[in-house]
2 protein chains.
Amino acid sequence: MAKALREPKTTAAQATARLRHAGLRPTRQRVELAGLLFQNGDRHVTAESLHDEVTTAGVKVSLATVYNTLHQFTEAGLLRQVIVDAARGYFDTNTGDHQHFFLEKEGLLIDIPGESIAVAGVPTPPAGLSVDRVDVVVRVRRN
Amino acid sequence: MAKALREPKTTAAQATARLRHAGLRPTRQRVELAGLLFQNGDRHVTAESLHDEVTTAGVKVSLATVYNTLHQFTEAGLLRQVIVDAARGYFDTNTGDHQHFFLEKEGLLIDIPGESIAVAGVPTPPAGLSVDRVDVVVRVRRN
DNA sequence: CAACGAATTAGAACGATTCTAAAGTGTGAG
DNA sequence: CTCACACTTTAGAATCGTTCTAATTCGTTG
C-alpha cells in the first residue's frame, strides 16, 4: 500500500529519453506505450493486443492513438512491421536483421536470429528494380 | 464481324475439364474465371483485379463469387495464396515450389523459381511445432 | 424434363485500419 | 511562470477488403 505506481520511474525516464532521441514528443500516451514495448526484451504486438494491454494496465489510450503511435515508432525506426497474416498487422520491437517463425492458428510470432538463417540464390531483380529487404517466414503448425 | 465470341471453344473446354478434375461443377462463372486464370502462363491476381478483368471482358460475375471461386480453387490446389501485403490478398496460379519478388508500391508480384533460391540454417522450431512451409519475399523498389 | 442440391447474387455485416474535426497538452518565448 | 501555438489525442464516422445471409438461379441426375 505504500506504492501505488505501476512502473518504476526509471522506465518512464528511459522511454522519455528514447522518444526524445527519436524526435517524438514524450506525451503521456507515447511514454506509456514505449514503456510496455521496450522495457522487456523483444516483443511482437498488434494494435489491438497493445491496446488491450495498456487498457488492462489501467491507462486510458484510444485505439486510434495506438495505431498512430505504432506507425510513428515504425517511421522513427523503433519498430518494424512484419507482414505474415492477411488479417492482422504485427509490429516487432526487434528492428535488427532477423526472420520469423509464424504460428498462424494462434497468431504467434517467434524470432529467428538473422545470423542463423541465410538465403542464397536470390536472382537479380528485373531491370529497374533493386532489393529492399528479404523476408523469410517459416510457417509452422502445432503437432 | 464474323466471330463475336471472345474465347475459343478450346479454352472453355479445357477449363471445364480442369474443374471436373478438381471436383468442381463447371458453372458459367467458374469456367469463365478458370479461363482467364489458366489459359496463359503464371498469373497473380487479387479478387478485385480478377473481378475487374472478368467484368471488363463483358461477363457478369459478382465479387462474392470471385472470392468464393478463388477460395475453392485454392482448396482444390489450383491456386496458391500469397501473403505479402497487409492490405490485399494475392492468388498465384503457380502452385509449385517458388518464391516472389514484391513491388509494394504497385502491388506487383514476380515469381522466383524455386530451384534458384535456397534458405539455409532454418533452426528447428520450438518444441511441439513443425515446419509447414518457408516463404521468402524479396521486397524490391523502383530505382 | 422434374426435382434437388449446389452455386450465385445483392446487399448487409464485419473486422481492421484510417480519417475527421474538435478538445487537450507539451514546450519555448518572453 | 505563463501564454500561445503547434502538435497530440480522441470519439466516432468512414473506408477498405472480405465474409456472411437469405433468396434466387442453375447443373445434374434420375
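To find a chain, count down the sequence lines: A is the first, B the second, and so on, and within it residues start at 1. Basis for what follows: all heavy atoms, side chains included, without hydrogens, waters or symmetry-related copies. Remember, it's a predicted structure, so these values are computed and weren't measured experimentally.
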field: Salt-bridge criterion met for B/Glu106 and B/Arg141 (N-O under 4.0 Å)
entry: no
- request: Verify the distance criterion only: is there a donor paired with an acceptor across the side chains of B/Asp111 and B/His44 at less than 3.5 Å?
  value: yes
Separation of D/dT18 C1' from B/Leu50 CG (nearest whole Å): 15 Å
task: Grab the two heavy atoms, one from B/Gly128 and one from A/Asn143, that are nearest each other, plus how far apart they are.
output: O-OD1, 2.6 Å
query: Does B/Gln29 put a side-chain nitrogen or oxygen below 4.0 Å from OP1 or OP2 of D/dC26?
result: no
- request: Nearest whole angstrom, please: distance from the P of D/dC7 to the CG of A/Leu24.
  value: 13 Å
- request: Would you kindly compare A/Leu63 and B/Arg25 by the position of their nearest DNA chain D nucleotide and give the one closer to the 5′ end?
  value: A/Leu63
message: Can you tell me which nucleotide in D/dC20, D/dT9, C/dG26 comes closest to the side chain of A/Thr27?
response: D/dT9
- request: Work out which heavy atom in A/Gly77 is nearest to a heavy atom in A/Thr95; give both atom names and the distance.
  value: O-CG2, 3.5 Å
field: Over 12 foreign heavy atoms within 6.0 Å of CD, A/Glu75
entry: no
message: In this structure, how many angstroms lie between the C1' atom of D/dT10 and the CD atom of A/Glu32, rounded?
response: 17 Å
message: Could you tell me how far apart B/Tyr90 (OH) and D/dT18 (C1') are, to the nearest whole angstrom?
response: 15 Å
Cut-off 3.5 Å, no hydrogens considered: what does the side-chain donor-acceptor table look like for residues 18-29 of chain B, sequence neighbours left out?
unit_1: B/Thr27; atom_1: OG1; unit_2: B/Arg30; atom_2: N; d: 3.2
unit_1: B/Arg28; atom_1: NH2; unit_2: B/Lys60; atom_2: O; d: 3.4

- request: Taking only the side-chain nitrogens and oxygens of B/Arg20, find out if one of them lies under 4.0 Å from OP1 or OP2 of D/dT28.
  value: yes
- line: In whole angstroms, the gap separating P of C/dT17 from CZ of A/Phe91 amounts to 7 Å
Whole-Å gap separating P (C/dA16) and CD (A/Glu48): 5 Å
statement: Residues of residues 65-87 of chain B with a heavy atom under 4.0 Å from any atom of DNA chain C, listed by number, are B/Thr65, B/Asn68
- request: Indicate whether the side chain of B/Asp92 and that of B/His100 have a donor and an acceptor atom separated by less than 3.5 Å.
  value: yes
message: On the nucleotide D/dA11, are OP1 or OP2 found under 4.0 Å from the side-chain N or O atoms that A/Lys60 carries?
response: yes
Options C/dT9, C/dA16, D/dA11, nucleotide nearest the side-chain atoms of A/Ala64: D/dA11
task: Using atom CZ of A/Arg28 as one end and atom C1' of C/dT27 as the other, report the distance to the nearest whole Å.
output: 18 Å
query: CZ of A/Arg88 versus C1' of C/dT18: gap in Å, rounded?
result: 17 Å
message: Is B/Arg30 close enough to C/dA7 that one of its side-chain N or O atoms is under 4.0 Å from OP1 or OP2 there?
response: yes
